[in-house]
2 protein chains.
Amino acid sequence: MAINLSIRVLRAFVVLADCRHFTRAAARCHLSQSAFSQLIRRLEEEAGTALFNRNTRNVALTAEGELLADSARRLLADIESSFAELKDRTACRKGRVAVAALPSLAADTMPRVFAACRRRFPGVALELFDGLSDRCLELVRQGRVDFALTAPGSRLAEFDSRLLLSDSFHLVCHRDHPLASKRRAGMQDLAGCELIHFARTSSVRQHLEPALADVPVLHSGFEVEHLATVAGLVANGLGVSVVPALTLFQFRRPELVAIPVDVPALVRPILFVQRKGIALSPPAAAMVKMIEAMLPVRRAARQRARSEAGRAATPRGR
Amino acid sequence: MAINLSIRVLRAFVVLADCRHFTRAAARCHLSQSAFSQLIRRLEEEAGTALFNRNTRNVALTAEGELLADSARRLLADIESSFAELKDRTACRKGRVAVAALPSLAADTMPRVFAACRRRFPGVALELFDGLSDRCLELVRQGRVDFALTAPGSRLAEFDSRLLLSDSFHLVCHRDHPLASKRRAGMQDLAGCELIHFARTSSVRQHLEPALADVPVLHSGFEVEHLATVAGLVANGLGVSVVPALTLFQFRRPELVAIPVDVPALVRPILFVQRKGIALSPPAAAMVKMIEAMLPVRRAARQRARSEAGRAATPRGR
DNA sequence: GTCAATTACGTTCTCCGTAAGGATG
DNA sequence: CATCCTTACGGAGAACGTAATTGAC
């Protein structure tokens, strides 16, 4: 009673309806003519009626065959377009990738990733959300983004996550500051400096706090949210700050100097986070691959930044 | 590359998409859960992408799965309605039967067949064409009718035909006519009678001609086309006629008498004719079965007519 | 520890191809 | 009698079920 056709059978049926010749239709379907004959017979059994009037000389659709042929043609077109759509998505010719990232990554790394992605997969729509780690995780939780690049946040165990890179910290100060000539800095070097703090909610602050526990820094009274503000304050000699390497692009001004902080424990882990047990969509997976491929470059860039740090954080050509 | 799904697989996919539980979906598809799992895996291979995010605890569609599920639901509905339409036709719930028949059959036999057919297959549209045998055959040739009930005509070899019944002849005359009291008649009884002829094109005339070759009948001067005219002429004592049993319904008047003609060679074959090598549509085949089932009834009716013939051809109720 | 999906493996069954058969023009 | 569809039959591969395995909560 239940219908159990295969698409192959429907296609073979339509081919025979078109060329009205078993031998030729069989050849066109890459089947022996005998197999083709059996296939049509089975189809007719399933349909419960003859679909072709045929003898050894002529083959023509019956009225029922005409009816089914119309449906079959429509169905095949529909099936094929549906699968074409699916293939377009798996081949990243269509689709959408939404990413949440920390402001630092959203401002520098992700635009470069997106640019490469747009070049390679022009049909894929790209979306970016920038926010602190809790906001990033919330977007992942809601399924509004495919994945997030963020620091560890609350309830991280709800997600699948893995370490993408370990972001080191740099001391940034005015080039006229006493520390500006150093090639490397330790936490104790900050003793007596006026430190510009980040808001307590930021992951940077949360990483710095323990490391600064026993360093007698002077509190500048500034506790800002945006890196650009930090840069402005430091550039005007109102204090120094300690920022992750990934944010250094904000500090590439002639009057500023960035010095790597040599405290192995002081690193900000950047995680790749996605919903637990959810496979990435093909374009999202492709983007992740691109991000990972760009990571060595970034590491090299970090090395370059480190070696440049002795002089000044000069703006990179772009 | 080419798609080779079966409907079963699509249906299984939709079932799983609906109930998001392999074991239950497998049961609903009457498959072992293992077979079901493999089936989904094969589908995903064919689709080229994961369709479900799943672990041992949760099953949910991926974005690609959602896409395919939408298509699949639509496709299944389409396929099922197409096949339902086909089943309706094979089950004679829908369809059309067109028949060509000689005027005698079209006026009496076919209406009764059609009435029975309409009762039994109310969804089937019925069409009737009445015409002489060449016209009937032409309609069959053009495919405008499914079959014809007719006398042998020109180029009969072009068709598939078989004898449906042999129509005997009756002498019809006014009840005051000298022959009216006979129970049976031979050709020689017509000697000296005024005979009302049919048009030369009619099959009746063509059958009578040879049998009358050596009978010295008087020619009435009438040569008409319609049986009702013959009946009118005979009823008014303007002559006698010899007509096939199937036309006797035209002569059921109190003033008329019908007497069977006992000439074995004088029969008019009524053929079932269809296009060569063309299968009948299901409702047409059903109608043919009904016609054949009604034939014994007709034979019985003919017997009844014969036994009534001694008295008068009294009108049957209706 | 239990429930559920996957994997392994032997069996069954479908489907194909070769070859013989039969019908038609 | 040549062409072309159908039937017969044996083999290859797909699909199924049982049972063991893995994984999640």
How many whole angstroms separate atom [atom1] of [X] from atom [atom2] of [N]?
| X | N | atom1 | atom2 | value |
| --- | --- | --- | --- | --- |
| B:Glu44 | C:dA5 | CD | C1' | 12 Å |
| A:Leu16 | D:dC4 | CG | P | 14 Å |
| B:Leu39 | C:dT7 | CG | P | 14 Å |
| B:Arg41 | D:dA15 | CZ | C1' | 11 Å |
| B:Asn53 | C:dA4 | CG | C1' | 16 Å |
| A:His30 | C:dG17 | NE2 | P | 11 Å |
| A:Ile40 | D:dT6 | CD1 | P | 9 Å |
| B:Arg54 | D:dC25 | CZ | C1' | 19 Å |

message: Categorize B:Ser32 for me: base, sugar-phosphate, or nothing, with a 4.0 angstrom heavy-atom threshold over every strand shown.
response: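 If one applies the 4.0 Å heavy-atom cut-off, B:Ser32 turns out to touch a base.
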
- prompt: With sugar-phosphate meaning primed atoms plus P, OP1 and OP2, does B:Ser34 contact a base, only sugar-phosphate, or nothing at under 4.0 Å between heavy atoms?
  reply: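 B:Ser34: base contact, heavy atoms under 4.0 Å.
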
query: Using a distance-only test with no angle check, is there a side-chain donor-acceptor pair under 3.5 angstrom linking B:Arg42 and B:Ser37?
result: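 No, B:Ser37 and B:Arg42 have no side-chain donor paired with an acceptor closer than 3.5 Å.
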
Which residues share a ring-ring contact (aromatic ring centres under 6.0 Å, His included) with B:Phe272, sequence neighbours left out: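 In terms of ring-ring contact (aromatic ring centres under 6.0 Å, His included), with neighbours along the sequence ignored, B:Phe272 is linked to B:Phe147.
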
- prompt: In terms of the nearest nucleotide of DNA chain D, which residue is placed more toward the 5' end: A:Arg20 or B:Phe36?
  reply: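 Closest to the 5' end, via its nearest nucleotide, is A:Arg20.
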
Could you give the side-chain donor-acceptor pairs of residues 148-156 of chain B under 3.5 Å, partners two or more places apart or in another chain?
unit_1   : atom_1 : unit_2   : atom_2 : d
B:Ser154 : OG     : B:Asp134 : OD1    : 3.3
B:Arg155 : NE     : B:Glu158 : OE2    : 3.2
B:Arg155 : NH1    : B:Glu158 : OE2    : 3.2

Contacts of type side chain to side chain donor-acceptor pair (under 3.5 Å), residue [X], not counting sequence neighbours:
| X | result |
| --- | --- |
| B:Arg135 | none |
| B:Asp70 | none |
| A:Glu44 | A:Arg54 |
| B:Ser202 | none |

Detail all sub-3.5 Å separations between protein N/O atoms and N/O atoms belonging to nucleotides 11-15 of chain C.
unit_1 : atom_1 : unit_2  : atom_2 : d
C:dC15 : OP2    : A:Arg42 : NE     : 3.4

Who passes side chain to side chain contact (heavy atoms under 4.5 Å, CB included) against [X], sequence neighbours left out?
| X | result |
| --- | --- |
| A:Glu66 | A:Leu61 |
| B:Thr56 | none |
| B:Ser34 | B:Ser32, B:Gln38 |

- request: Decide yes or no on ring-ring contact (aromatic ring centres under 6.0 Å, His included) for A:Phe13 and A:Phe52, but give the supporting numbers first.
  value: CA-CA 10 Å; A:Phe13 167 66; A:Phe52 293 95; 5.6 Å; yes

Tabulated below should be each protein N or O lying under 3.5 Å from an N or O of nucleotides 22-25 of chain C; please produce it.
unit_1 : atom_1 : unit_2  : atom_2 : d
C:dT24 : O4'    : A:Thr56 : OG1    : 2.8

field: Between the first and last five pairs of the helix from C:dG1-D:dC25 to C:dG25-D:dC1, the angle of the axes, rounded to 10 degrees
entry: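 Answer for the end axes of this duplex: 30°.
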
